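Numbers restart at 1 for each chain; the letters A, B, ... are given by sequence-line order, proteins then strands. Treat the numbers as computed from the prediction; the structure is a model and nothing was measured.
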Amino acid sequence: MSDRIPLPYSPKVLELFRNPKNMGRLKDANTQAMAGSLACGDMISIYLKIDDANHLIEDASFESYGCAANIAASSIMTEMIKGKSLEYTWNISWKQISNELGGLPVVKYHCGVLAVGALRRAIRTYFKEKKLPNWLPKELTPDEKHALEEEKLIEVLSKKMEKTKKPKIDLSYRSK
Amino acid sequence: MSDRIPLPYSPKVLELFRNPKNMGRLKDANTQAMAGSLACGDMISIYLKIDDANHLIEDASFESYGCAANIAASSIMTEMIKGKSLEYTWNISWKQISNELGGLPVVKYHCGVLAVGALRRAIRTYFKEKKLPNWLPKELTPDEKHALEEEKLIEVLSKKMEKTKKPKIDLSYRSK
Amino acid sequence: MRDLIAIHGEPSREVYLDSENSGLIYPKALEEMVRTYKEVGYGNPSITHKIGWESYEVLYKSTEILSQILNTKSSELVYTHGATEANNLAILGSAKANKNDRKEILVSSIEHFSVIFPAERLQEQGYKIIKIPVNEHGFIDNEFLKTKVNGSTFLVSIAPINHEIGTIQNLKEIIDIVKEKNSKTLFHSDAADSFGRVRLNLNKLNLDLASFSSHKIYGPKGVGLLYIKEGLKIEPILHGQLSSQKLWPGVENIPAIAGFAEAAKIFDNMDKNMLLKMRDKLIESILSSTESVLLNGPKGPERSLDNVNLSFLYVEGEAIIVELSMQGIYASSGSACTSRVLEPSHVLIAIGRKYEEAHGSVLMRITPFNNEDDINYVIERIPKGVARLRSLSPIKGG
Amino acid sequence: MRDLIAIHGEPSREVYLDSENSGLIYPKALEEMVRTYKEVGYGNPSITHKIGWESYEVLYKSTEILSQILNTKSSELVYTHGATEANNLAILGSAKANKNDRKEILVSSIEHFSVIFPAERLQEQGYKIIKIPVNEHGFIDNEFLKTKVNGSTFLVSIAPINHEIGTIQNLKEIIDIVKEKNSKTLFHSDAADSFGRVRLNLNKLNLDLASFSSHKIYGPKGVGLLYIKEGLKIEPILHGQLSSQKLWPGVENIPAIAGFAEAAKIFDNMDKNMLLKMRDKLIESILSSTESVLLNGPKGPERSLDNVNLSFLYVEGEAIIVELSMQGIYASSGSACTSRVLEPSHVLIAIGRKYEEAHGSVLMRITPFNNEDDINYVIERIPKGVARLRSLSPIKGG
Ligand SMILES: Cc1ncc(COP(=O)(O)O)c(C=O)c1O
Ligand SMILES: Cc1ncc(COP(=O)(O)O)c(C=O)c1O
Ligand code: FES
Ligand code: FES
């Protein structure tokens, strides 16, 4: 059955969903990025404070407009990278994240992918005006391309949804 | 639902099945007949003792190789005709029998038809060498024809069943 | 899994509001089922022995109860294993029996998947499926219907009440439109969520087919009904040993049927004002306590008496569901994240909700097992949970 | 109806031997179902809240139990509402997924109708159905099979044990013949009556599809299983909301599934020698006490351990069933009179029984709820009942 039924969340996912670490905007971040998932329409922001001298991650945080798995994945990812080198961080995979979480259900793999996507984008953003280190490929990695494509698709999708007739909603149906 | 689900037996059917009246061969019968039903393969014999003078039925009995409904129908039919005139008897319908029984389930209508068929045949047999009374049609009534056809079909059917390979049965599978 | 559940701790109260997905059961309906298993009715109602007759009697009486409540003849009701099976039988079975060239089927765009999917399957057999649009509150577009029903229309399927947003259609008016345009067109209605919520006088309504489900009215799972108007031609879609009613093969599940009838009696007789009051209290309180919340579906008497469907902007629905679960509140969402196919609810899309509106939707069904204290608890907890999640979100309203 | 039942009076003992038609339930399986309804497992296992997770856990554990007993992977099992549905899914669903031109289907002539009828339906889609003959004890004609399985054979369906006469096929040999002739041919086996009666090591047998039913092993009604070998292509035959396993739509009936698993555990673990002894005692005693009786199906180890099927010549089966019912003994018959279609059992015809032999047949299934006293009672009453009916019959033996 495990092949067909996505296993529900691990206790770790629930624990981190309940008490996420490193959440919210990081005031003194020196890079940040957002990523969105086509699969479900979720979004995530990653904030990093990087020590410019030795390229260590001093602090990290996230914001998530996503499911419980996404919140947990973002939380554990930010934990995993704090104090680590950028090179190490760049190479973290969604599988590692999933393992740390005690496994993600199949339909929730992309929640981990999304977190990693935002993280890599934040690192790239950090190097925008700087010389790229040699561990950082000039070209977008397949994962990053994938993320980009997804975002384009989201736009298309939500535009498509916008196009369907949008009635004005009676105010009594809406809270302030 | 009553249209689609045959109602199960009435208490009367069960009562008569349990304690049938007029069963067995009638020693001093002056007519008898057998009828069989294609629908289910059942058979019934009717024995009548008719007062030759006034054409009243003095006694009647039946034997049945049929279902519970058939046994009950035969039982009540023989009750219904005792002491009655042959003309009255000839005109008894399976519906009357069914009513007397408190109703038969749809799939069991033919059990009553079978009883009536045997009864009419016994009356016809009685008049074989005699002058037909005017209430008795020369031609077979539709019901009788129907019964005849059924019997022919039974023969065909059981011949067909005979034709399929008939293995010899190991004696240990059969009681004496 | 035990750990997963243990993390929930002991919430001060537990409120189950997810009967749209899987119903609770009336203790009396459960008892009736158990009694039938143990005492009378465990046999095959087609067999001529005492146990068979007893089973037949239970079947007969249960069907009488259901047909009286629905105002049909018993012979017009066929048992299936649920509304899913009833909908499939209605649509695929009537198409199987359809020997003429009317090959257009209209279904509303907000029907349950067990109506939409079988209809779409018929495209393989040359049927054309037309989706009927609805307005922002989920009401059928009657003008569209008028232009689309014609001599080629074989069947129209519209539920009396929508399962997700609770819209109560004006079914009489809709059926009249359809029958006036083409009196031969079959009208099917998936009434799984309508039983007991609107009066369905099947005898008076000009309906041809209607589906019901036991667990939707707090009876046992695994049993449903299809109403088939007398004389209507329909063929079985599965094959096997004939049951008493011939359209669904196999021996009837008499204990479940007995429980179904018991639940129908209880739910039909119950005073539902209580549900209505709880529904409105929940809706009004959340709308006034919490910012950026949207009610999905109509208000007032045009809304099903037990349906609450709210969209919380800037948070994702599955996250709210998990958040509420930790508080002992169990609901569901039309968010893409909660579905296996990762698409937001087709019902919310059909009423024109934006992506982010569908994304934060929460569906709650008030049941006879809830009381005012439950609702007060939910009213207290939802704003807090939503606030916490909004604090995590990169997208803030305003 | 009450009167009908009252006529039975109070027989000194009641012995239910009709589990072929409708099974009894283990009290523990019933309890497990009730517990699941009341405590854990009433939710939808696909929803991410505590109640959903609890339901998922019950589903998961139940499937583990069943897959361990059957020696399959959990992922190879799909829940349906019974063996009728499982057989339909196996045959119609694999045909739906069949994209090549192998269009011949072989079914044994003694299969259950829920196998034969769906297969026959496929004739409409250009399939050719071939019935495999059996010998006088119901064993498959292997020579026939060898000549008929070829490059065009899409599927072969043969049950491990026949439901009416208890014949235990040499399934391994049969499957080997089929697979040797055409390794692509699918092999389906309706194992509804085989679970617990023969060891079905699904992992070792080269089976592709196998059907099971809960009430046949004294679990709740309305739930069954289809085993689908990993990688095999099959399509759903009904459509609706995706369940976790995607092949049968709708929310899983978790309480029934939990009861099913419980029953499987109990029946699998039980020492069945007791059943075997009662079976043989009943058969031997009647054969020696009563004239003109015929055993249908094989003797000894080739016969299912709970199956007794006897033909009483010169009496009609339904009459015996009613007669026995008045004595508190509940069985069924393959007589034409007992079936809605008024044809004698196709199984008895296939093994070459004459019309009058099929006509007086009585089928009894020994269950774990029977004891020796029950059997002694039956042994005492049957000869008397048969004698009474024979005294009514115009056809006497000898
Ligand atoms: C409107 C509607 N139709 C059909 C169904 C399916 O019913 P069942 O679970 O009885 O198959 C549901 C249940 O979710 C429903 O809400
Ligand atoms: C061999 C066989 N297959 C299938 C079935 C049908 O099973 P269910 O009642 O679970 O639909 C039966 C039950 O009578 C059976 O004996
Ligand atoms: S991030 Fe969308 S489902 Fe998890
Ligand atoms: S006489 Fe044949 S079924 Fe009754």
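Of the atoms belonging to A83(C), not a single heavy atom falls under 4.5 Å from chain D. For M326(C), no part sits under 4.5 Å from any heavy atom of chain D, backbone or side chain. For a residue to count as touching a neighbouring chain, one of its non-hydrogen atoms must lie under 4.5 Å from one of that chain's; by this rule P220(C) touches chain D with backbone and side chain alike. Of the atoms belonging to P255(C), it is side-chain heavy atoms, and not backbone ones, that fall under 4.5 Å from chain D. Residue D18(C) touches chain D through its side chain alone, counting heavy-atom pairs closer than 4.5 Å. For a residue to count as touching a neighbouring chain, one of its non-hydrogen atoms must lie under 4.5 Å from one of that chain's; by this rule E323(D) does not touch chain C. With a 4.5 angstrom heavy-atom cutoff, A331(D) touches chain C only via backbone atoms. When heavy atoms are compared at a cutoff of 4.5 Å, H215(D) does not approach chain C at all. Only the side chain of I25(D) comes within less than 4.5 Å of a heavy atom of chain C; its backbone N, CA, C and O stay farther away. Residue contact with chain C, scored on non-hydrogen atoms closer than 4.5 Å, involves the backbone and the side chain of I237(D) alike. For L238(C), the parts sitting under 4.5 Å from any heavy atom of chain D are the backbone and the side chain alike. Of the atoms belonging to L30(C), it is side-chain heavy atoms, and not backbone ones, that fall under 4.5 Å from chain D.
Considering only heavy-atom pairs separated by less than 4.5 Å from chain C, the leading option among I321(D), V322(D), I51(D) is I51(D). With chain C as partner, the option from E318(D), R121(D), M33(D) having the largest number of non-hydrogen pairs under 4.5 angstrom is R121(D).
The local environment of NZ in K96(D) is crowded, with over 12 non-hydrogen atoms from other residues, nucleotides or ligands closer than 6.0 Å.
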Please set out all donor-acceptor pairs under 3.5 angstrom arising from side-chain atoms of residues 36-45 of chain C, sequence neighbours excluded.
residue : atom : partner : partner atom : Å
T36(C)  : OG1  : E32(C)  : O            : 2.7
Y37(C)  : OH   : K221(D) : N            : 2.8
N44(C)  : OD1  : S46(C)  : N            : 2.8

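Between H49(D) and Y16(C), the ring planes are perpendicular. Angles over 60° get that label, and only those under 30° would be called parallel.
The two residues S332(D) and I47(C) come nearest to each other via the heavy atoms CB-CD1, 4.3 Å. Nearest heavy atoms, P249(D) versus T84(C): CG-CG2, 3.7 Å.
Applying the side chain to side chain contact (heavy atoms under 4.5 Å, CB included) test to F117(C) and every residue at least two apart in sequence or in another chain returns F113(C), E120(C), H239(D).
Atom CD1 in I320(C) sits 11.0 Å away from atom OG1 in T48(D) (nearest 0.5 Å).
With a 4.5 Å cut-off on side-chain heavy atoms, E85(D) and E85(C) do not count as touching.
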